[in-house]
Amino acid sequence: MMRLPEFSYLAPVSVGDAVKLMADHGPAAMLVAGGTDLYPNMKRRQFEPSVLVGLRGIRDMSGVRGSSKTGLIIGAGTSLTAVSSHPDVARHYSGLATAAGLVSSPQLRNMGTLGGNVCVDTRCNYYNQSYEWRKAVNFCMKKDGDICLVAPGSSRCWAVSSSDTAPMLWSLGAQVRLAGPKGERLIPISALYQDDGIQYLSKQPGEVLTDIVLPPYHGWRSAYLKLRRRGSFDFPVLGVAVALRMDGETVREAAITLGAVASQPRPAPEAAALLVGQRLTPELIAAVADAAFKPGKPLDNTDLTHPYRKKMIRVFVARALYSLAHGQPASTNRSNHLPHGEAASTNCPNHLPHGEAASTNCPNHLAHGQPAEGQVEDQ
């Protein structure tokens, strides 16, 4: 049985107190809110802090303020359940409500926070294992080793970004507020991430993520789709976040962001640019899905094969756009069809375009009927 190591828990009641405690204890301290990812990682000795600075007692970091007309400010300590069920989020930023509602399981969404999911650690099949397992393979670059076992010749870590909410917030043009020893700063969420599996956040040491700031609604529609082995609990092996600002039936602005294909959310600006000034016709949706396929370059570092995950980018982008064009909820199930009236699958949700089957009879198989390999569970 894996047990937590010994640590001291400090409970500040203000952001200023939290910043001071982090400065006082330096590299020995880590922040914790819901702890749904941190504590399992500590049990596996991936993180070994001697001090945890708890954020749950800071009231200013919880709740949703503002309106869709002026923009919403969501405290980083707001639970994922509260985000997914908030009326303004669900109505005007529906893609974010969907993304928050697809994280893990109901119990963990009740504990886990939006800020925690935004900052969730990157994942890899060689990293998210017990200490004994990692020791048996001589560890990896991300913790205790010196090479990336996914790409041994690489000088960097290729662990994958596994946040559901980050790609959607990126597409929505959200900002994040950070408080640190040098004061507060407000930055685009796109500036928070770096394409490195170890240094995946640009957040400075001792900084606390306090708020996520959503822009005014202004006619935006959004959708998020998640590929995973099971219908609950699992981290994404692909996330597709699409946001469109519509003027009648014409797209005025567009953003498409892919999740779980790199060490940071990966935007697809060339694909989004094809939508601007156009109506969402079946031909355009197919062209955009093809263009979005290009920037996604998943590696063999998480569940399901990377060629399969790559192929599903085209399918999920088309489904998301089709749902926004027809005002239907985006879905990965078999009732969601692709453009031209073509069924996305005959008997399971993971079939590819043009009638090519990605699985034989259920969503848990890979292309060509191969069984999927082991899954690292979402904590």
Side-chain angles (χ1 to χ4, degrees), residues 1-7 27-28 30 32 35-50 52 103-104 108 116-117 119-164 166 193-201 227-230 233-239 258-266 296-310 312 364-368 370-379:
M1 179 179 179
M2 294 187 292
R3 298 182 181 274
L4 282 170
E6 291 187 4
F7 62 90
M30 292 187 72
V32 63
T36 58
D37 193 60
L38 175 63
Y39 291 136
N41 285 351
M42 288 175 64
K43 289 181 178 180
R44 292 189 291 256
R45 302 307 189 261
Q46 291 160 314
F47 298 146
E48 301 180 87
S50 59
L52 291 183
V103 175
S104 194
L108 295 187
N117 191 253
C119 296
V120 72
D121 193 25
T122 54
R123 302 186 71 78
C124 176
N125 282 343
Y126 293 99
Y127 169 71
N128 291 95
Q129 304 288 348
S130 69
Y131 177 84
E132 289 75 14
W133 191 101
R134 291 184 292 115
K135 182 179 180 180
V137 297
N138 202 26
F139 300 106
C140 73
M141 179 185 293
K142 189 165 167 67
K143 183 68 169 71
D144 299 322
D146 54 12
I147 64 170
C148 175
L149 296 177
V150 174
S154 175
S155 60
R156 54 155 289 189
C157 167
W158 290 92
V160 66
S161 173
S162 297
S163 169
D164 284 297
Y193 297 103
Q194 302 178 138
D195 196 14
D196 184 279
I198 298 174
Q199 301 296 331
Y200 64 97
L201 294 177
L227 176 65
R228 55 184 168 182
R229 179 182 297 272
R230 297 173 291 187
F233 202 65
D234 294 345
F235 280 96
V237 293
L238 170 66
L258 309 176
V261 297
S263 296
Q264 66 176 151
R266 180 61 54 83
K297 299 178 181 179
L299 297 175
D300 188 18
N301 52 4
T302 187
D303 192 29
L304 305 182
T305 67
H306 55 289
Y308 173 73
R309 290 157 54 210
K310 170 78 170 176
M312 290 304 293
N364 295 347
H365 286 71
L366 306 180
H368 315 300
Q370 298 173 348
E373 296 177 357
Q375 166 71 5
V376 177
E377 294 181 343
D378 185 351
Q379 302 292 336

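No hydrogens, no waters, no symmetry mates; every other heavy atom, side chains included, goes into these values. The chain is numbered in sequence order, starting from 1. Note that the coordinates shown come from a computational prediction; the quantities given were computed from them, not determined experimentally.
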I need the [X] [atom1] to [Y] [atom2] distance, nearest 0.5 Å.
X    : Y    : atom1 : atom2 : result
S161 : Q194 : OG    : CD    : 12.5 Å
Q199 : Q264 : CD    : CD    : 13.5 Å
Y200 : D121 : OH    : CG    : 4.5 Å
F235 : N128 : CZ    : CG    : 7.0 Å
M42  : R3   : CE    : CZ    : 14.5 Å
D303 : Y308 : CG    : OH    : 10.0 Å

Query - With R309 via salt bridge (Lys or Arg N to Asp or Glu O under 4.0 Å) - residues at least two apart - result: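 R309: no salt bridge (Lys or Arg N to Asp or Glu O under 4.0 Å) contacts found.
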
**Report entry** Those residues that, when tested against D144, pass salt bridge (Lys or Arg N to Asp or Glu O under 4.0 Å) (two or more places apart)
**Finding:**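 Testing D144 for salt bridge (Lys or Arg N to Asp or Glu O under 4.0 Å), a comparison that skips the adjacent residues, returns R134.
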
Query raised in the report: Passes side-chain contact (heavy atoms from CB on, under 4.5 Å), L227 versus L304? Steps please.
Result: CA-CA 10 Å; L227 176 65; L304 305 182; 4.3 Å; yes

Among all residues two or more places apart in sequence or in another chain, which pass the side-chain contact (heavy atoms from CB on, under 4.5 Å) test with [X]?
X    : value
C157 : M141, K142, A159, I198
V32  : Y9, L38, Y39, L52
I147 : L149
S263 : R156, D195

Nearest non-hydrogen partners of [X] and [Y], listed with the distance:
X    : Y    : value
M2   : K43  : O-CD, 3.8 Å
R44  : N41  : NH2-OD1, 2.7 Å
F233 : R228 : N-NH1, 3.7 Å
V237 : T302 : CG1-OG1, 3.9 Å
P49  : F7   : O-CB, 3.8 Å

Report task. Using the ring pair (Phe, Tyr, Trp, His ring centres under 6.0 Å) rule, collect all pairs that involve residues 133-158, keeping only residues at least two apart or in two chains. Result ->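 For residues 133-158: Y131-F139.
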
Report task. Identify, with sequence neighbours excluded, every residue that meets side-chain hydrogen bond (donor to acceptor under 3.5 Å, both in side chains) alongside N301. Result ->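 For N301 there are no side-chain hydrogen bond (donor to acceptor under 3.5 Å, both in side chains) partners, ignoring immediate neighbours.
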
Query raised in the report: E48: what forms a side-chain hydrogen bond (donor to acceptor under 3.5 Å, both in side chains) with it, not counting sequence neighbours?
Result: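 side-chain hydrogen bond (donor to acceptor under 3.5 Å, both in side chains) list for E48, sorted by chain: K143.
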
Report task. Kindly say whether N117 contributes a backbone atom to a donor-acceptor pair with the side chain of S163 at under 3.5 angstrom? Result ->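 Flag set: sc S163 to bb N117 pair under 3.5 Å.
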
Requested in this report: Considering only NZ, NE, NH1 and NH2 on the basic side and carboxylate oxygens on the acidic side, decide whether D37 and R123 come within less than 4.0 Å.
Outcome: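 Salt bridge: yes.
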
Query - side-chain contact (heavy atoms from CB on, under 4.5 Å) assessment of D300 paired with T305 - result: CA-CA 6 Å; D300 188 18; T305 67; 6.0 Å; no

